[in-house]
Amino acid sequence: MWNNIKLQQCISHINCLPQLETNDGLIQPSITISRMTGSGGRTVASKLADCLQSYAPSERRWTIFDRNLIQKVLEDHHLSARLAEFLPESGTGTLTEIISNMFKSQPSAASIVKQSVETIWKLAEGGCVVLVGRAANVITAGLNNVFHVRLAGTLEKRVARVETVYDFDHPAALRYIKSEDMAKKDYLKEYFGRDIDDPLLYDLVINTDELSYEKAARLIADSIIRRFDLEPHREVVAA
């Protein structure tokens, strides 16, 4: 389902960034996706990257940073990979305590958040990325090449999707959604002082109850193409 969401592709994207400065003055956009749990964030991101690929320069691939993002943060800052197990999108005191107790020689949770901010900014500035979660919309608000999307849906529909995707029963799916949504809300509030449900944080809010994931991805792609006046890339084929 998510064949284009791979850590190796993310690493390749990062490694190419220093060589990808162009002199044509064209803006290479990036996208942030904030999502209610069960509203299709990963699937929409995957389909969106595919939709936009023909608008990327020949050296680039539209790349998605989602759960793999924290792995990249840890790698960038030479931190223990085990920290990824204890770094959900949450700003709770329990998280800080866990890290403090288990990793005495490692930085605080707030310090890791700061490092994630640096990584997210660098990725967004380079263009051709879809950043899912991690407060990326707030972090990159000052960049003029970034388009911000929020995916939403009714609790009923989101619970049904989670039951299907994760093979949960109804009570487990409901608990999962409530826990995940609260963690995301707390993370944005504690570290960035913003309300995740504030519509002014987004350029586009989509109700995925009403649109299929394919149509949602196409709507976002069309908005990006218009906003940044993109034209399909045409590789020169030798005769």
Side-chain angles (χ1 to χ4, degrees), residues 1-5 29-55 62-69 88-91 120 124 129-141 146-189 192 194-228 230:
M1 186 189 304
W2 302 313
N3 292 331
N4 59 354
I5 303 181
S30 294
I31 301 158
T32 69
I33 294 181
S34 171
R35 74 283 185 222
M36 291 182 174
T37 304
S39 62
R42 297 193 87 202
T43 303
V44 171
S46 178
K47 292 180 180 296
L48 174 60
D50 288 341
C51 284
L52 289 172
Q53 187 53 46
S54 63
Y55 295 88
W62 271 89
T63 304
I64 301 157
F65 288 85
D66 182 14
R67 294 174 183 173
N68 48 37
L69 178 56
E89 284 178 278
S90 172
I120 287 168
V129 296
V130 182
L131 299 161
V132 182
R134 296 281 167 190
N137 59 315
V138 174
I139 292 166
T140 62
V146 185
F147 189 85
H148 308 291
V149 177
R150 173 76 167 162
L151 301 180
T154 61
L155 182 60
E156 178 186 4
K157 293 287 182 66
R158 292 187 293 123
V159 167
R161 292 187 189 115
V162 167
E163 289 174 1
T164 299
V165 172
Y166 295 105
D167 195 26
F168 287 167
D169 61 23
H170 185 83
L174 186 59
R175 287 194 301 271
Y176 176 78
I177 285 177
K178 289 184 175 180
S179 174
E180 289 289 303
D181 281 349
M182 184 59 68
K184 293 167 189 171
K185 190 176 185 72
D186 287 347
Y187 183 82
L188 205 69
K189 186 67 174 178
F192 302 95
R194 304 304 295 270
D195 180 359
I196 199 169
D197 295 315
D198 180 358
L200 297 181
L201 295 179
Y202 312 103
D203 297 299
L204 180 64
V205 178
I206 297 176
N207 179 357
T208 55
D209 285 4
E210 303 300 328
L211 287 179
S212 69
Y213 294 154
E214 185 74 43
K215 288 181 179 178
R218 186 70 256 177
L219 176 59
I220 299 167
D222 289 344
S223 299
I224 295 294
I225 292 164
R226 290 196 301 270
R227 168 74 67 87
F228 298 102
L230 299 183

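In plain terms, the two heavy atoms of A216 and V44 that are nearest each other are CB-CG2, 4.3 Å. The two residues Y202 and S34 come nearest to each other via the heavy atoms OH-OG, 3.3 Å. R218 approaches I225 most closely through the heavy-atom pair NH2-CD1, 3.6 Å. Minimum interatomic distance between A124 and V146 (heavy atoms only, all atoms of both residues): CB-CG2, 4.0 Å.
By the 4.5 Å heavy-atom criterion applied to side chains, D66 and R134 are not counted as neighbours. A 4.5 Å side-chain heavy-atom check between F192 and I139 finds at least one atom pair inside the cut-off. A 4.5 Å side-chain heavy-atom check between R158 and T208 finds every atom pair outside the cut-off. At a threshold of 4.5 Å between non-hydrogen side-chain atoms, the residues I31 and W62 count as touching. Residues R227 and D203 have side chains in contact (heavy-atom distance under 4.5 Å, counting atoms from C-beta outward). At least one side-chain heavy atom of L201 sits under 4.5 Å from a side-chain heavy atom of L188. Using a 4.5 Å heavy-atom cutoff, the side chains of T37 and K184 are in contact. Residues P29 and L230 meet the side-chain proximity criterion, which asks for heavy atoms closer than 4.5 Å.
Rounding to the nearest 0.5 Å places CD1 of I33 at 14.0 Å from CZ of F65. Here L52 contributes atom CG and D222 contributes atom CG; the two are 9.0 Å apart, rounded to the nearest 0.5 Å. With rounding to the nearest 0.5 angstrom, the CD atom of E180 is 15.0 Å from the NZ atom of K185. Going from atom OG of S30 over to atom CG of L131 covers 6.5 Å, rounded to the nearest 0.5 Å. F147 contributes atom CZ, which lies 7.5 Å from atom CD1 of I220 (distance to the nearest 0.5 angstrom). Separation of atoms CE (M36) and CG (L151) is listed at 10.0 Å; rounding is to 0.5 Å.
In this structure a side-chain-to-backbone donor-acceptor pair under 3.5 Å is missing from D209 to G153. E214 places no side-chain N or O within 3.5 Å of a backbone atom of K47 that could act as its donor or acceptor partner. In terms of modelled atom types and a separation under 3.5 Å, the side chain of S46 and the main chain of R42 share no donor-acceptor contact.
The salt bridge (charged side-chain N to carboxylate O under 4.0 Å, His left out) test applied to R175 returns no partner, not counting sequence neighbours.
Taking the six-membered ring for Trp and thresholds of 30 and 60 degrees, Y166 and Y176 have ring planes inclined between 30 and 60 degrees apart.
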Item to check | salt bridge (Lys or Arg N to Asp or Glu O under 4.0 Å) assessment of D198 paired with R150 | outcome: CA-CA 10 Å; D198 180 358; R150 173 76 167 162; over 6 Å; no
